[in-house]
Amino acid sequence: MVNTDWTSGIDPSQASVARVYDYLLGGAHNFSADRDVARTVEAIEPQARVLAAANRAFLARATRYLAAEAGVRQFLDIGSGIPTQGNVHEIVQGVDPRARVVYVDHDPVAVAHSGAILAGNANAGVVQADLTDPAAILDHPVTREMIDFKEPVGLLLVAVLHFVPDTLDPGAILAALTERLRPGSHLVISHGTHRTQTAEAVAKVYHRAVSQGAQATLRGEEEIMRFFTGFEVVEPGLVRGPLWRPDSPDDVPEDPSRFWFLAGVGRKP
Ligand SMILES: C[S@@+](CC[C@H](N)C(=O)[O-])C[C@H]1O[C@@H](n2cnc3c(N)ncnc32)[C@H](O)[C@@H]1O
């Protein structure tokens with residue numbers, strides 16, 4: 001079942017994380033306020049589009065790994081964003097058409113477009129909810145209908161945890177989200193890391209210009225690793241995004257450290 005109850009709440013004069021990212025990925029679901037923020041970001045980080053594409057490519061590789069190699073058949077994708085190419089349901093239902101996906105985002109535009117492309121897909125749904133309210137996600141009727149917590153789940157938190165500041169206790173949010181996952185479940189994370197002044201400057205742009213209290217919080221390797229508490233991180237560990245199981249050696253950039261996000265996948269033993 002697809003939740004068709006998305007409406008309201010769109011203020012085109014206020015940039016949103018989902019629409020800025022959509023613009024950087026070459027999408028068309030953005031307004032001029034979003035493009036202004038994206039251009040400011042690009043002025044600071046000329047590689048912004050490359051980084052966005054590399055993050056999206058990590059999401060695709062990790063999701064394919066979960067479906068094709070780890071046998072996961074149900075996915076909860078939180079902070080799923082505006083659908084673009086290589087969406088999670090396309091990847092996992094390409095492996096098994098019965099694979100189920102619930103997309104979750106707090107952005108009404110992301111939710112509306114997800115709903116539109118999922119119409120007619122009985123094995124995918126969308127929920128408008130905030131990551132900081134795990135119960136609203138886990139107990140939502142769409143989640144309850146689609147996800148069987150007695151079976152392994154792929155929990156995807158890709159390029160979203162850095163929008164949860166420490167004051168909102170992301171560790172506790174992770175604990176609440178992963179508590180009811182059974183062994184064999186997987187956790188996929190990518191997260192901005194603070195190794196460069198550029199990264200810090202981009203985080204400040206988001207903080208100033210983007211709605212929904214987007215306080216981008218870049219974190220170090222140890223802090224991001226803590227999000228995998230209760231999970232065994234699979235090879236190659238928590239690494240710069242393009243280094244996570246690249247499809248081909250040609251995909252490995254000359255200087256991976258320029259990709260200032262870390263990516264990893266954990267398995268619940
Ligand atoms: C950079 S995009 C990443 C999209 C997708 N996960 C990917 O990696 O391609 C971040 C997404 O997280 C969403 N987001 C940010 N904070 C959120 C929150 N507190 N709750 C739910 N979604 C959130 C934004 O609306 C946006 O769609």
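Atoms within a ligand are numbered from 1 in the order they appear, just like the ligands themselves.
In this model, no donor atom of one side chain and acceptor atom of the other lie less than 3.5 Å apart for H29 and D22. Looking at R56 and N87, their side chains do bring a donor and an acceptor atom within 3.5 Å of each other. If you check the side chains of N123 and R98, you find no donor sitting under 3.5 Å from an acceptor. Between the side chains of H89 and Y103, a donor-acceptor pair is found at a separation under 3.5 Å.
Interface atoms of ligand 1 facing L131, defined by a heavy-atom separation under 4.0 Å, are 18 (C), 19 (N), 20 (N), 21 (C). For ligand 1, the atoms closer than 4.0 angstrom to any heavy atom of V17 are 10 (C), 24 (C), 26 (C). Short contacts between ligand 1 and V158, defined as distances under 4.0 Å to a heavy atom of the residue, involve ligand atoms 3 (C), 5 (C), 6 (N), 8 (O). Listed by number with element, the atoms of ligand 1 under 4.0 Å from a non-hydrogen atom of D107 are 25 (O). Each of the following atoms of ligand 1 lies closer than 4.0 Å to a heavy atom of G81: 27 (O).
Heavy-atom separations between S80 and ligand 1 include at least one value shorter than 4.0 Å.
The part of A129 lying near ligand 1 is the backbone, judged by heavy-atom distances below 4.0 Å. Proximity of T84 to ligand 1, defined as any heavy-atom pair under 4.0 Å, is not found for any part of the residue. Contacts with ligand 1 closer than 4.0 Å are made by no heavy atom of A110, backbone or side chain.
Geometric assessment of R49 against the ring of Y23 yields a positive cation-pi assignment under the 6.0 Å and 45° thresholds. For the pair R245 and Y65, the cation-pi test (distance below 6.0 Å, angle within 45°) is passed.
From L76, atom CG reaches atom CG of L155 across 5.5 Å, with rounding to the nearest 0.5 Å.
For ligand 1, the polar-atom distance check against F163 finds no nitrogen or oxygen pair separated by under 3.5 Å. Checking only distances, V164 never comes within under 3.5 Å of ligand 1, N or O to N or O. For the pair L59 and ligand 1, the shortest N or O to N or O distance does not fall below 3.5 Å. At under 3.5 Å, a nitrogen or oxygen of D105, whether backbone or side chain, sits near a nitrogen or oxygen of ligand 1. Inclusion of T132 in the set of residues having an N or O under 3.5 Å from an N or O of ligand 1 is not warranted.
Side-chain contact check for W260 versus L51: some heavy-atom pair is nearer than 4.5 Å.
Surrounding CZ of R180 are more than 12 heavy atoms belonging to other residues, nucleotides or ligands, all under 6.0 Å away.
For R61 and D247, the salt-bridge test fails: no basic side-chain N is under 4.0 Å from an acidic carboxylate O.
Of the candidates S16, A52, G79, P108, G79 brings a heavy atom nearest to atom 5 (C) of ligand 1.
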